[in-house]
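The analysis underlying the following values was restricted to heavy atoms, covering all of them including side chains, and did not include hydrogens, waters or symmetry mates. Note that ligands are numbered from 1 as they come in the structure, with each ligand's atoms numbered from 1 the same way.
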Amino acid sequence: MSGIRPIKKVLVANRGEIAVRIMRTCRDMGIRSVAVYSEADEKALHVRLADEAWPIGPAPSSQSYLAADTILAVAASCGADAIHPGYGFLSESPEFAEACRQQGIQFIGPPASAIRDMGDKTAARALMQEAAVPMAPGTTGAINGQEDALRVAEEIGFPVLIKAAAGGGGKGMRIVRSAEALSDALSTASREASSAFGDGRVFIEKYIDEPRHIEIQIMADAHGNIVHLYERECSIQRRHQKVIEEAPSSILTPEVRSLMGEAAIRAARSCGYVGAGTVEFLLDSDMQFYFMEMNTRLQVEHPVTEWITGLDLVELQIRIAEGHTLPFTQDQVSATGHAIECRIYAEDPTSGFLPGPGTLLVHDPPSGPGIRLDSGVEEGAEIPVHYDPMISKLIAWGTTREQAIARMVGALGEYDIAGVPTTIGFCRYVMLHDAFVSGGFSTHFVDDHFMPDVLTVSNPSLGEDMAIAAALYVDGHHRTAPQQGPGPSTPSAGYSPWHLRRRQREA
Ligand code: MV4
């Protein structure tokens, strides 16, 4: 008995770029793909790209992309052997993973038990301690009242961080710098956690100041083989939303990288993990790393890992779900060059990143050597108000980090979008910033270095940024052909300060 259950038809329980991304790999593998779509997505790209498409309800996610029973009914009707949940929506619902299994449909993801264990941050800490995965000092269970909190806090020393057991992604966190502030913070955090998650349990960790966020991609088959696929640096975030990710991290030493990789593998093993997963760590200025959480899904930023390793993570997920063993060992994994991803959102960086849904009147994406664009939209599409306002992910690869940055700067300059505000100018600002270029940044980058006025037309400091960009572009880009200008009235399609200014006037 081979134990292989071939997958011939995959229902993609998601929308946007990730649904499109998954369907493309299905197509490569000769697997039929099934789209589900809400009333807001009738004309969406993921619907057009699928081999079949089924409506699942009104626009609000709760009545469509989160409607587990409806989606399972579609899976039964269309004869799908497997469901790929993408990220967000039902991807980290242990109940959904379990319901798939009970219906005889392969959930392309980990066992429900692993999702449940890693979803409870105190349970996760207990498992990590058992598995000798480094963690910030703190509790492995929930805090039991004020006295317990004070005892723990004094033992580990202030500042401490109160986190919600059911949280993750930064919701319901409180930094506490003194014993006097502890009791108020504890009740506020617990109350917030109750209303946000229906679970008021909180725990305490030593607060790591100005950390970097570095995560390890792991891949586990159902036969006990687990590999890591190196790290992604995700320190450039705003309000717990990643904006720019890269692989490899520019500051990890080979020693720390392999320690982190091994710790991530132990983390995965400790919860019986199967499939693609990510172990997030905080890295302090002394290069000590601490387990933060494990994400039990394919992540938005997976393309940077794909590019440096040459692997298709969705293909691996599907092969693993079919019961195949990993087709390579850790020794056979290698990384080449450097990849950076910019998430392009329909948000206005000059007004607090306010989402700006609307019609994508122009969508003219960049291309060229070392450029990948993962997008779920086409020109003329609506960016609906109901979902995450991400338009696309722009990924640049170079043999060196400098070349990757230069290519990204060039591509951001080429990228033409009209009709909605975008974070293109913001991403360009980051790419050109000294702190980013030098690699000396932490999770505080956006707070430390970004003020909306740096993107306005009259800001004189832009001139310096432009000089840096020009230098980078010339040094790192190694042009092979003259840049083509789109016409006499518009600037060159490559790097140009005027191009940025024109876009901002229009936005
Ligand atoms: C921390 C921390 C400092 N010390 N834990 C933010 C998301 C949530 N998963 C946990 N987070 C943090 N946990 C300790 N012990 C700082 C953060 C944090 C953060 C982490 C990664 C990226 C951006 C961040 C922004 C603010 C706080």
Self-check item: Glu293 N/O under 3.5 Å from ligand 1 N/O
Solution: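 So ligand 1 has an N or O lying under 3.5 Å from an N or O of Glu293.
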Quiz item: Between Ile208 and ligand 1, is there a nitrogen or oxygen pair with a distance under 3.5 Å?
Solution: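 Yes - when backbone and side-chain N and O of Ile208 are compared with those of ligand 1, one distance drops under 3.5 Å.
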Quiz item: So which bit of Asp209 gets within less than 4.0 Å of ligand 1, heavy atoms only: side chain, backbone, both or neither?
Solution: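 Near ligand 1, Asp209 shows nothing, with every heavy atom at 4.0 Å or more.
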Exercise. Give the contacting part of Lys206 toward ligand 1: side chain, backbone, both or neither, where contact means a heavy-atom distance below 4.0 Å.
Key: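 The part of Lys206 near ligand 1 is the backbone, not the side chain.
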Quiz item: Does even one non-hydrogen atom of Lys242 get within less than 4.0 Å of ligand 1?
Solution: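 Contact check Lys242 vs ligand 1: negative.
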Quiz item: Has Lys163 got any heavy atom lying under 4.0 angstrom from an atom of ligand 1?
Solution: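 Flag set, Lys163 near ligand 1.
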Under 4.0 Å between a side-chain nitrogen and a carboxylate oxygen: does that hold for [X] and [Y]?
| X | Y | result |
| --- | --- | --- |
| Glu341 | Lys242 | no |
| Arg151 | Glu155 | yes |
| Glu98 | Arg101 | yes |
| Asp221 | Arg319 | no |

If the cut-off is 4.0 Å to any non-hydrogen atom of [X], which atoms of ligand 1 fall inside it?
| X | result |
| --- | --- |
| His213 | 21 (C), 22 (C) |
| Tyr207 | 3 (C), 4 (N) |
| Glu205 | 5 (N), 14 (C), 15 (N) |
| Gln237 | 22 (C), 23 (C) |
| Leu161 | 1 (C), 2 (C), 3 (C), 4 (N), 5 (N), 13 (N), 14 (C) |
| Met292 | 9 (N), 10 (C), 11 (N), 12 (C), 13 (N), 20 (C), 21 (C) |

Self-check item: Ring-ring centroid check Phe445 Phe436, cutoff 6.0 Å
Solution: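 So the answer is no for these two rings.
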Within the 3.5 Å criterion, strictly below it, is a donor on [X] or [Y] matched to an acceptor on the partner's side chain?
| X | Y | result |
| --- | --- | --- |
| Arg266 | Ser270 | no |
| His213 | Gln237 | yes |
| His338 | Glu246 | yes |

Considering non-hydrogen atoms of the protein only, which is the closest contact for [atom], and what is the distance?
| atom | value |
| --- | --- |
| atom 7 (C) of ligand 1 | Gly170 N, 3.4 Å |
| atom 17 (C) of ligand 1 | Met173 CE, 4.2 Å |
| atom 20 (C) of ligand 1 | Leu282 CD2, 3.8 Å |

Exercise. Could you name the option among Arg238, Lys121, His240 that has the heavy atom nearest to atom 25 (C) of ligand 1?
Key: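 Nearest option to atom 25 (C) of ligand 1, by heavy atoms: His240.
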Quiz item: Is it true that atom CD of Glu130 has more than 12 heavy atoms of other residues, nucleotides or ligands lying nearer than 6.0 Å?
Solution: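 Atom CD in Glu130 is not crowded, with 12 or fewer foreign heavy atoms closer than 6.0 Å.
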Quiz item: Crowded around Gln146 CD? As in, over 12 foreign heavy atoms under 6.0 Å?
Solution: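 More than 12 within 6.0 Å, yes.
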